[in-house]
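FYI, the numbering just counts along the sequence from 1. Given the structure is predicted, the values throughout are model-derived calculations rather than measurements.
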Amino acid sequence: MVMEAIPFVLVGVLISGLIQTFVKENWIARIMPKNRFLATIFGCGVGILFPSCECGIVPITRRLINKGMPLHAGIAFMLTGPIINPIVLFSTYIAFGNDWKMVGIRAGLAVAVAFTVSVILSFMFKELPFRSYEPQVAAALEPSTAHLTKRVSLQSRLYEIIVHAIDEFFSVGKYLVLGAFIAACMQTFVPTSYLLHLGSNPLTSSLVMIALAFVISLCSEADAFIAASFRSTFTVGSLSAFLVFGPMIDIKNTLMLLGTYRGKFVAVLIGLVAFFTLAGSLIVGRLFG
């Protein structure tokens, strides 16, 4: 599982480094639709242009909202960005034996959940739910803009890309190894009959996979290989729950959310994502089970 996933993680962190170095977010605010629902749909699709895993999506979303993106569009981007980007979808295609069906299920369920959750949040929270920081802390959270005032050489930018990619690779790599280890332990030590029993019930199997996705906190560029290892024991619906909920909400992502947004907003966000992911996985199970 680790060896299959590492190439996609490498490509993902290199693209993330390119985005961090070269791409400016303020142009998105200029072309953002004014309509609430169109803006949310736009936010769901921006992830194709910003292929970042959930490890770095929270600070990117904060920058986008601070530059003028509406909250509902920003949250939609934050939830779908780690799932619908080309690297993650292609890794899903490879992990599930060159099967486009699971790719379509994953992308479709992710967009549906993100759109619904973001629209509901836009009606519940009229003001931006950011935490209040002291000026020094706020400055530390935002990326440095010093490089915008002077011309940076191409060599310096390439060095910045490599450094960012290396840092992110080792940051997400440990979660990949841990996730593969937990999945292997489950397959080895948990009786197959027990896994089959859990997987045979659509509700319990989806709940188990949602909990597993939250706990092992995998990078979205590699989680499909872990999910694919459970194909023989869990339903399509529960696998889709794992593939959608994990990139949206996991342990490391929750800690970053709590450091950026108010606790009430984070609690409502997690509750809504969990509910609609569970409901969506049950529908997927009925349609494709």
Measure the spacing between [atom1] of [X] and [atom2] of [Y] and express it to the nearest 0.5 Å.
X	Y	atom1	atom2	answer
Thr254	Ile270	OG1	CD1	4.0 Å
Phe288	Met102	CZ	CE	9.5 Å
Leu282	Thr235	CG	OG1	8.5 Å
Leu207	Leu203	CG	CG	4.5 Å
Thr277	Leu243	OG1	CG	11.0 Å
Ile226	Leu239	CD1	CG	12.5 Å

Under the ring-ring contact (aromatic ring centres under 6.0 Å, His included) test, which residues partner Phe125, sequence neighbours left out?
Phe265
Scan residues 120-129 for pairs that pass side-chain hydrogen bond (donor to acceptor under 3.5 Å, both in side chains), counting only residues two or more places apart or in two chains.
Arg36-Ser122
Heavy-atom check, side chain of Phe230 versus side chain of Thr233, under 4.5 Å:
yes
I want to check something: taking the side chain as every heavy atom from C-beta on, are Tyr261 and Leu269 in contact at a cut-off of under 4.5 Å?
no
Check against side-chain contact (heavy atoms from CB on, under 4.5 Å), Tyr93 and Asn98:
CA-CA 5 Å; Tyr93 171 75; Asn98 302 341; 3.4 Å; yes
Can you give me the closest heavy-atom contact between [X] and [Y], atom names plus distance?
X	Y	answer
Asp223	Phe242	O-CE2, 3.6 Å
Ile83	Val244	CD1-O, 3.6 Å
Leu258	Gly263	CD2-CA, 4.3 Å
Ser240	Ile105	CB-CG2, 3.8 Å
Val284	Gly237	CG1-CA, 4.1 Å
Ala107	Leu89	CB-CD2, 4.2 Å

Among all residues two or more places apart in sequence or in another chain, which pass the side-chain hydrogen bond (donor to acceptor under 3.5 Å, both in side chains) test with Ser281?
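If we apply the side-chain hydrogen bond (donor to acceptor under 3.5 Å, both in side chains) test to Ser281, skipping adjacent residues, the hits are Ser206.
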List for me each residue that meets side-chain hydrogen bond (donor to acceptor under 3.5 Å, both in side chains) alongside Thr92, sequence neighbours excluded, and say none if there are none.
Arg106
Do Val103 and Val88 belong to the same hydrophobic cluster, where Ile, Leu, Val, Met, Phe, Trp and Tyr are linked whenever their side-chain heavy atoms lie under 4.5 Å apart, directly or via other members?
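Cluster IDs for Val103 and Val88 differ.
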Any residue meeting side-chain contact (heavy atoms from CB on, under 4.5 Å) with [X], in chain and number order, not counting sequence neighbours:
X	value
Leu38	Pro33, Asn35
Ile283	Leu287
Ala228	Ala95, Phe96, Arg231

Checking one residue: Phe123. Which other hydrophobic residues are in its cluster under the side-chain 4.5 Å linking rule?
Phe37, Ile41, Phe115, Val119
Quick one: does Ser238's side chain have a donor or acceptor within less than 3.5 Å of a partner on Phe234's backbone?
no
Which donor-acceptor pairs under 3.5 Å do side chains of residues 71-82 form with protein atoms, sequence neighbours excluded?
{"residue": "Thr80", "atom": "OG1", "partner": "Cys44", "partner atom": "O", "Å": "3.1"}
{"residue": "Thr80", "atom": "OG1", "partner": "Ala76", "partner atom": "O", "Å": "2.8"}

For residues 208-215, run the donor-acceptor check on the side chains, cut-off 3.5 Å, and write out each pair with its distance to 0.1 Å, sequence neighbours left out.
none

Test side-chain contact (heavy atoms from CB on, under 4.5 Å) applied to Leu257 and Ile249, step by step:
CA-CA 9 Å; Leu257 286 171; Ile249 304 292; 4.0 Å; yes
Would you mind listing every salt bridge (charged side-chain N to carboxylate O under 4.0 Å, His left out) that reaches into residues 239-248, with sequence neighbours excluded?
none
